[in-house]
Amino acid sequence: MIKMGIIKTEQLVHEFIRRDEDQNVESITTALDHINLDIKEGQFIAILGHNGSGKSTLAKHINALLTASEGTIWVDGMDASKEENKIDVRRRAGMVFQNPDNQIIASVVEEDVGFGPENLGVPTGEIIKRVDESLRAVGMTKYRNHSPNKLSGGQKQRVAIAGVVAMEPKCIVFDEPTAMLDPNGRREVLKTAHALNREKGVTVLFITHYMEEAVDADYIYVMENGKIIMHGEPRTIFSRVDELKAHRLDVPQVTLLADYLKKAGLALPGGILRRRELVKGIVKAGWNAAGLSPAAPEDGKRSRKQEESGENGQDLKPDAIILDHVNYCYSPQTAYQIQALKDVSLRIPQGQFIALIGHTGSGKSTLVQHLNGLLRATSGHIYVDGKDIYDEDYDMRSLRGRIGLVFQYPEHQLFGATCFEDVCFGPKNRGLDQRTVELRAFEALQNVHFPEELYYQPPFDLSGGQKRRAAIAGVLAMKPEVLILDEPTAGLDPAGRDEILELIDGMHRELGITVILVSHSMEDAARYADRIIVMNQGTVMYDDVPKAVFSHYRELEAAGLAAPEMTYIMQELKEQGLSVDVDAESIEEAGMSILEALR
């Protein structure tokens, strides 16, 4: 039962003001531009928008972390701008941040989860109960006695969510809480949010770039440039496919395929959101499907790549890197010992584009940090160009110049006073002369299409996508032979994600760089990679071309992963008797196969 409004805004405005050293106004950015909301208690609200649209700024007003420049915001009837209300507002409205490191403060997981209730004066017995329930809800019970510093990014996010859930607020704002999680982790977090909303009546505001996560919301708000440009129920919003694309946003894969088929002439209803209704609609429409005209596919990238690759996606080129029975153990011979890699053997040829996927904590990040010597194997060997990197006389500095790593959080490797200075650091540190250093920096920034007007701006003033470009440029300036990217699109909007991935793919093709992409997106892995390596509990589960790997979609699900949405749709259509290509991965491939099967 929906009650009266718990969050209400009237003409809410927020301006960020930058000042110079003399405290003169340098610039004013309007992050929220006369926002009007009336969110009822018990609603599940999804908020969509590209990076910089104002979503997080709005969230911080609901939690009284920011104060309005103009207008008013009420949370559970309290004016959130008034100083005397801020503590009570934060009790009513919990917040899960995008980066869990901003939220975790204790040295043990269960202590961190219990920190909030303890500060609210909750009795000890009740705190223990809440910690147990919260950790169980996010699937982190077995890590309760671990240090958060030993967890992966996705595991830290689950701990942060558990800490807020344990405070039992009336409203929870989730600011892209699933950005760093594997598919199973995303499902679990979303399930937890819906359960809190449905069973305990908690009002949920869910900010996300995953359109599928907004499908089951009661209502959707779409933001751009600090304004609400669209609002309505999910079916209404996602039926406006072309309009959403014009605003640099995605729609669910199911809806995209339905839109493709409708434009080809198939009689389908508007606003299809779920796989089951799409399959039912295709089968029903198939009786009158003559004269359909599929559009040409956007590109032939997938077929071209697979034709160039060997049977399992391994090109017949010299090996750039060989891993020989590599094992790695965190905190050996202690109570916190974790076997992160178990007998991993791999051959990585020069010039290949590899996607490394796996559930959160499967060993992906640990594996790639071995490739340039940041971590040293507990046992086993790693060879680069035939030389063992663990030999005493091996030049480790040279290795890190040849194998570049872009971290999960780009802000962790940006530290220069300006972007240009930051990109210069790597080649300068290798002892190159100033002219060569600057030429490399300019070339790297141009390769990543970094805006020239930002060359001499501080890197911390950049958007998420710009930070990633700057971080990639800093690694490219070293002229690496292998480029490793650990979740480079996490937290980016759809347009930013596509720009970064197209950029990486372009550099791979034009510069011949070996690329290892760590990703939780099955669609991205299917679209760009020649070969997919699946990690599961520290071991290599599958190593093959994308079509072969995703044919094991049931086994991938059991390992906390999934297949691209197209795989599931095509399998269900086949079960309905349609002769479709179950290996189709893109919207165009699937659409053309369906239309051909219906003729």
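It should be emphasised that the depicted structure is a prediction, and the values quoted were computed from it without experimental measurement. Nothing fancy with the numbering, it's 1 onward along the sequence.
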### Query
What residues form a ring pair (Phe, Tyr, Trp, His ring centres under 6.0 Å) with H247, not counting sequence neighbours?
none
### Task
With sequence neighbours left out, write down each residue that passes salt bridge (charged side-chain N to carboxylate O under 4.0 Å, His left out) with K479, or none if nothing qualifies.
E443
### Between Y328 and S379, a side-chain donor and acceptor under 3.5 Å
no
### Message
Tell me every residue that passes side chain to side chain contact (heavy atoms under 4.5 Å, CB included) with D216, counting only those two or more places apart in sequence or in another chain.
### Response
H194, R274
### Task
Could you tell me whether the side chains of D388 and H381 share a donor-acceptor contact shorter than 3.5 Å?
yes
### Query
Going by atom types alone, do N536 and S362 pair a side-chain donor with an acceptor below 3.5 Å?
no
### Message
Considering only residues two or more places apart or on different chains, which pairs with a residue in residues 559-599 satisfy ring-ring contact (aromatic ring centres under 6.0 Å, His included)?
### Response
Y553-Y568
### Query
By side chain to side chain contact (heavy atoms under 4.5 Å, CB included), which residues pair with R186, not counting sequence neighbours?
T178, L181, P183, Y210, E213, H520
### Query
Are a donor atom and an acceptor atom from the side chains of S519 and D524 found within less than 3.5 Å of each other?
no
### Query
Will you find, in the side chains of N327 and T378, an N or O donor that is under 3.5 Å from an N or O acceptor?
no
### Task
Using only heavy-atom distances, determine whether the side chains of Y143 and Q155 contain a donor-acceptor pair under 3.5 Å.
yes
### Message
Holding to ring pair (Phe, Tyr, Trp, His ring centres under 6.0 Å), I want the full list of residues that pass it with H50, two or more places apart in sequence or in another chain.
### Response
none
### Message
Any side-chain to backbone donor/acceptor pair from K547 onto D583? Under 3.5 Å, distance only.
### Response
yes
### Query
Once the angle between the rings of F353 and Y528 is folded into 0 to 90°, is it parallel (under 30°), tilted (30 to 60°) or perpendicular (over 60°)?
parallel
### Summary
Separation between CG (L578) and CD (E572), nearest 0.5 Å, reads 12.5 Å
